[in-house]
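Please read these numbers as outputs of a predicted model, since none were measured by experiment. For the numbers below, each heavy atom of this structure counts, side chains included, while hydrogens, waters and symmetry mates do not. First the proteins, then the strands, lettered A, B, ... as listed; each starts at 1.
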2 protein chains.
Amino acid sequence: MESSKETGSAAAASASLGEAREQRRRIILAAARLFCRLGYNRTTVRALAAEVGMQSGNLFYHFKNKDDVLEAVMREGVLLATEAADRALAAAGSTQERLRGLFRAHIQTLLGPDHEALQVMLYEWRRLPQEQHQRLVALRDAYEERWQVVLDAAAKEGLCPPDTRLFRRYLLGALNWSSEWFRASGEIEPSDLADRFLRFALEGRTWTSP
Amino acid sequence: MESSKETGSAAAASASLGEAREQRRRIILAAARLFCRLGYNRTTVRALAAEVGMQSGNLFYHFKNKDDVLEAVMREGVLLATEAADRALAAAGSTQERLRGLFRAHIQTLLGPDHEALQVMLYEWRRLPQEQHQRLVALRDAYEERWQVVLDAAAKEGLCPPDTRLFRRYLLGALNWSSEWFRASGEIEPSDLADRFLRFALEGRTWTSP
DNA sequence: GTCTATATCTGGATAGAC
DNA sequence: GTCTATCCAGATATAGAC
């Protein structure tokens, strides 16, 4: 039940202040790994509990139910992506640089270290119950809005086609799908992949304005 | 109860030759619909049986188990895509036309009428047990080979970038992802979508040869 | 080939002690 | 906050009659 934290005083346990929070976080990270490798349905709560070194029943002290864990993993995924995008944008100047930053940040979050949460976000999306779906959709839209803004600027400069909403979906589709075939430690690095995809999208062309 | 029709001959049933085959096919089609709408795990064999008007136990006369049904649906999906591609290629002349044909065929199979099987193929892919995975991978590769051939020709003509294997994945990713956001009866038709995506991919550019 | 009935198992979730 | 023990629903798959 989420709290009653820092019972500080007497009896049982309830150690240092953020103890429950830390455990909750460890569960999320372990779940990201397992959901990514096995999928949500094939990951049992017993397996998840074992991964963080506890008994299965104990998970339900930290989360209401299994779907709740999935939602937390997905939230982690989309937040990681958003933060990476914002860092990239802060470091970029021209529109072209900003676009390159978004490509690299997205691919890095999806395929680099700690890629699990975003991958879960993407390929368990359809399986999420309605209620939690709605809580996450705002976060996802906020992330995609970063893309929208940059693409609108790019279209004004003739760097990309004028129908930027569709183009955004086209690009994010190409990027997201890479998680289906990309194998880390393969012949190509995530950052290389981002640059080559950017070239596919933009290089050597001029778009007429709307 | 839907059948036991033409019990013709003697005892129990065992009607005309293709009777079982037809039922099997009806199960596959119903499964495609349900798996697409609810996902594989949330579709029970009871629901599937009800959908074709039989009792759940009876499914296992036609299929070894539930995974077996999934494999059949996926095979249907990739075969539909391959046939559509071949029809499009047969009707096309120039490389550019062939490419357009592939775009349209793919989008049509994925988003048009009877889109369910290919969608199941794509988004349940990770969940398929190893054994059946391997039986399907050859079919999928055969489909993608259609793309590879045309893209290689396109690269020779300077229509697309020289690293065609990566470009193929980029394009198919963009196309496949459309199933995540496209809503039939929305503002745009599948064939329009294909054309606009083709424009994103090729229009107004010249690629230098390798 | 389909039915009814049911075996069998798995997995999410809860209760209550500590 | 974690443990042990267990409930219970729901699902796949089987058995055997018709």
Rounded to whole Å, the NZ-P distance (A:Lys64 to C:dA13) equals 9 Å

Against the side chain of B:Lys66, the closest entry in C:dG11, C:dA13, D:dT12 is D:dT12

Assign each of A:Gly57 and A:Thr44 the nucleotide of DNA chain C bearing its closest heavy atom; nearer the 5' end lies the nucleotide of A:Thr44

*asked:* Please determine whether side-chain contact (heavy atoms from CB on, under 4.5 Å) holds for the pair A:Gln23 and A:Tyr61, giving the CA-CA distance in whole Å, both sets of side-chain angles, and the decisive distance to 0.1 Å.
replied: CA-CA 10 Å; A:Gln23 278 295 61; A:Tyr61 174 82; over 6 Å; no

From the candidates D:dC3, C:dG1, D:dA13, the one with an atom nearest any side-chain atom of A:Met54 is D:dC3

Do B:Tyr123 and B:Asn176 pair up side chain to side chain, a donor and an acceptor below 3.5 Å, judged on atom types alone? no

Separation of C:dG12 atom P from A:Tyr40 atom OH, nearest Å, is 8 Å

Base D:dG10 paired with B:Arg46 side chain (donor-acceptor, <3.5 Å): no

Q. If you measure from the Lys or Arg side-chain nitrogens to the Asp or Glu carboxylate oxygens, is any gap between A:Glu22 and A:Arg26 under 4.0 Å?
A. no

Atom CG of B:Asn41 and atom P of C:dG11 are separated, to the nearest Å, by 11 Å

Test of ring centre spacing under 6.0 Å for B:Phe103 and B:Trp147:
yes

Q.
Whether the B:Thr164 and B:Gln148 side chains hold a donor-acceptor pair (N or O, under 3.5 Å, no angle test) is what I'd like checked.
A. yes

Rounded to whole Å, the CG-P distance (B:Asn65 to D:dA11) equals 17 Å

To the nearest angstrom, the CG-C1' distance between A:Asp67 and C:dG11 comes to 13 Å

Q: Using only side-chain N and O atoms of B:Gln55, determine if any of them is under 4.0 Å from OP1 or OP2 of C:dT4.
A: yes

* Asked: Side-chain N or O of A:Tyr61 less than 4.0 angstrom from OP1 or OP2 on D:dG1?
  -> yes

Here the distance between atom C1' of C:dT2 and atom CZ of B:Phe63, to the nearest Å, is 16 Å

Between CG of B:Asn58 and C1' of D:dA17 the distance, given in whole Å, is 14 Å

Here the distance between atom C1' of C:dA13 and atom CG of A:Leu48, to the nearest Å, is 14 Å

Side-chain atoms of B:Glu19 come closest, of D:dA13, C:dG1, C:dG11, to C:dG1

Out of D:dA13, D:dG1, C:dT14, minimum distance to the side chain of A:His62 belongs to D:dG1

Looking only at C:dG12, C:dG1, D:dT12, the nucleotide nearest the B:Val45 side chain is D:dT12

